[in-house]
Amino acid sequence: MTTVNATIASSRLLLVGGGTVRQIAEVLGKFGLARPLVVSDPIMVSTGLIQRALEPLAEEGIAAKVFSDTVSDPTDTVIEAGVAIFRKEQYDCLIGFGGGSPIDTAKAMAILAAGGGKMRDYKAPIAADKGAVPVIAIPTTAGTGSECTRFTVITDTERDEKMLIHGLGALPLAAIVDYELTYTVPPRTTADTGVDSLTHALEAFVSRRANPFSDALALSAMALIGRHIRTAYAEPRNALAREGMMIGATQAGLAFSNSSVALVHGMSRPIGAHFHVPHGLSNAMLLPAITRYSVSGAEARYAEAARRVGFAAPGDADAVAAARLVTGLEALNKELAVPTPADYGIKEADWNGKMALMAEQALASGSPGNNPRVPDAAEIVALYREVWTGAPANV
Ligand SMILES: NC(=O)c1ccc[n+]([C@@H]2O[C@H](COP(=O)([O-])OP(=O)(O)OC[C@H]3O[C@@H](n4cnc5c(N)ncnc54)[C@H](O)[C@@H]3O)[C@@H](O)[C@H]2O)c1
Ligand SMILES: [Fe+2]
């Protein structure tokens, strides 16, 4: 048993349960906040989902303004535009309402509004710890876990790079985790965001920075997601499945925020930046191949993950269970109709042409260094190639 050395951080308040979004004014009141700018996206506005947050605020006399220009995979230019709006009036907090993109936008706006400068100034390995504007996060996907992580991922538009920004400044003050907000998530996004959560839990668990706190959350999250992901995908209005996925996603967020992500996320961000593949989908494309590559670095942990997710039986030996994790993830991708990069419409020459740059960007993010087996640039290129061909690489 090694000595534990961990720094654990979480938001001040986490409200969890169906219908909890109705308590939003109460949550603001607890912190003496009364002038929120709501950060969301055009779909939340056009579908009316945003009213679930605005109506209970209005009932308490809070007429919140909405900044709904956020984009999927938020960019530095959108953050700067949001901060300009935030500075125009005397807002005292930000409410991030939506999937990971609006929540990440709100968190990045909070850091930039408080600290000034350019988004790039806060890129990892710099720690964006200093006092940010208070953020209340309300996720509508299950999900990125962004509502309770100390990370925000922002695209540098000049460099086509998804920058990882981390620090206590990115941790929301409070989060409201209400699974009833996820009933309208379409099946493709349910699958992609669900695999993102599963990847968070798995990577937190096998990370070199895993600790007893992140382990407990990661194991619980893997069991919940393993049990509910297929039902949530097939039956969007299944309350039990939606609730299980939402709790699993938040637990997975807390797990990786207090451990780390690893090689899958390191390699996934460049795919998102260069080819505009949704975050969870690029994770899903990578997950079986990267797991196959990584198993030898932490076989017992991968085996335990396989048992928790339900791919292996409790009595399976580690080698058997770990192998079942890889085949289980491949089968899950099929069930969730995860496309290959080619099916997604990416051209092979473009993919090959970007592999060296993507490998460099993956390594620069620091995430691969937390993987149980740490690759060099050439191995990462071989793994990108494997993800294209589908044939196991000789690495
Ligand atoms: N900060 C972190 O810790 C962290 C972790 C993982 C991912 N991320 C980031 O999060 C972003 C992805 O977030 P996401 O996967 O939640 O996707 P998203 O926020 O981009 O949303 C995907 C789509 O689903 C729609 N949508 C969201 N909720 C809906 C609902 N309830 N009903 C109908 N439609 C709905 C959105 O409008 C959008 O069109 C990426 O930028 C990724 O890098 C951040
Ligand atoms: Fe993620």
Side-chain angles (χ1 to χ4, degrees), residues 21 39-50 52-53 68 70-75 78-79 96-108 111 124 128 135 137-155 161-167 169-172 175 178-204 232 236-237 242 245-246 249-250 252-258 260-262 264-273 276-284 286-287 365 367:
V21 72
V39 177
S40 198
D41 73 22
I43 291 178
M44 299 293 110
V45 176
S46 65
T47 60
L49 200 67
I50 190 119
R52 304 277 195 96
S68 64
T70 75
V71 291
S72 277
D73 298 328
T75 58
V78 169
I79 307 300
F97 184 94
S101 298
I103 296 177
D104 272 15
T105 301
K107 299 199 307 182
I111 290 170
V135 173
I138 308 177
T140 64
T141 60
T144 65
S146 179
E147 67 276 8
C148 59
T149 72
R150 52 179 123 177
F151 302 101
T152 173
V153 184
I154 304 299
T155 299
E161 181 185 356
K162 278 186 99 170
M163 299 182 288
L164 178 65
I165 293 161
H166 72 85
L171 197 57
D178 181 347
Y179 70 87
E180 291 178 3
L181 297 173
T182 65
Y183 284 141
T184 47
V185 181
R188 179 75 268 134
T189 304
T190 298
D192 296 347
T193 51
V195 174
D196 187 26
S197 314
L198 180 60
T199 311
H200 293 157
L202 179 62
E203 295 211 290
R237 299 212 57 100
R242 288 297 196 185
M245 288 304 294
M246 199 63 157
T250 299
L254 276 167
F256 89 82
S257 186
N258 289 299
S260 78
V261 284
V264 178
H265 272 78
M267 290 179 63
S268 177
R269 285 182 218 106
I271 298 177
H276 305 289
V277 179
H279 172 71
L281 190 53
S282 51
N283 283 349
L286 291 161
L287 195 51
S365 75
S367 299

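All ligand and atom numbering here is 1-based and tracks the order in the structure. Index from 1, following the sequence.
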| field | Option with minimal heavy-atom separation from atom 25 (C) of ligand 1, where the choices are H265, H200, R188, M44 | value | M44

| Looking only at protein heavy atoms, which one is nearest to atom 2 (C) of ligand 1, and how far off is it? | T149 OG1, 3.5 Å

| request: Verify, without hydrogens or angle tests, whether T149 (side chain) and G253 (backbone) share a donor-acceptor contact under 3.5 angstrom. | output: no

| query | Do any N/O atoms on L181 end up under 3.5 angstrom from N/O atoms on ligand 1? | reply | yes

| Short side-chain donor-acceptor distance under 3.5 Å, R52 and T140 | no

| query | Which residue and non-hydrogen atom of the protein lie closest to atom 23 (C) of ligand 1, and at what distance in Å? | reply | T189 CG2, 4.2 Å

| query | Who's the nearest protein heavy-atom neighbour of atom 38 (C) of ligand 1, and how far? | reply | D41 OD2, 4.1 Å

| note | Listing protein N, O or S under 2.8 Å around the Fe ion (ligand 2) gives D196 OD1, H200 NE2, H265 NE2, H279 NE2

| task | Can you pull out the closest protein heavy atom to atom 21 (O) of ligand 1? Residue, atom name and distance to 0.1 Å, please. | result | G99 CA, 4.5 Å

| field | Protein contact to atom 39 (O) of ligand 1 [nearest heavy atom, distance to 0.1 Å] | value | I43 CD1, 3.3 Å

| Within 45° of the axis and under 6.0 Å from the centre of the six-membered ring of Y179, does NZ or CZ of R242 qualify? | no

| Check: T141 N/O within less than 3.5 Å of ligand 1 N/O | yes

| query | Taking the six-membered ring for Trp, are H265 and H279 parallel (under 30°), tilted (30 to 60°) or perpendicular (over 60°)? | reply | tilted

| Any N or O of P186 that comes nearer than 3.5 Å to an N or O of ligand 1? | no

| message | Which of the numbered atoms in ligand 1 are under 4.0 angstrom from any heavy atom belonging to P102? | response | 19 (O)

| said: Out of V153, T144, V185, T184, who is nearest to atom 10 (O) of ligand 1 when you count heavy atoms only? | reply: T144

| Relative to the ring of H200, is the ring of F256 parallel (under 30°), tilted (30 to 60°) or perpendicular (over 60°)? | tilted

| Atoms of ligand 1 close to F256 [distance to a heavy atom under 4.0 angstrom, numbered from 1] | 3 (O), 5 (C)

| field | Nearest non-hydrogen protein atom, atom 19 (O) of ligand 1 | value | S101 N, 3.0 Å

| said: Which of the numbered atoms in ligand 1 are under 4.0 angstrom from any heavy atom belonging to D104? | reply: 1 (N), 2 (C), 8 (N), 9 (C), 44 (C)

| task | Check the side chains of S268 and N283 for a donor-acceptor pair under 3.5 angstrom, ignoring hydrogens and angles. | result | yes

| field | Any donor-acceptor pair under 3.5 Å from E147 side chain to A175 backbone | value | no

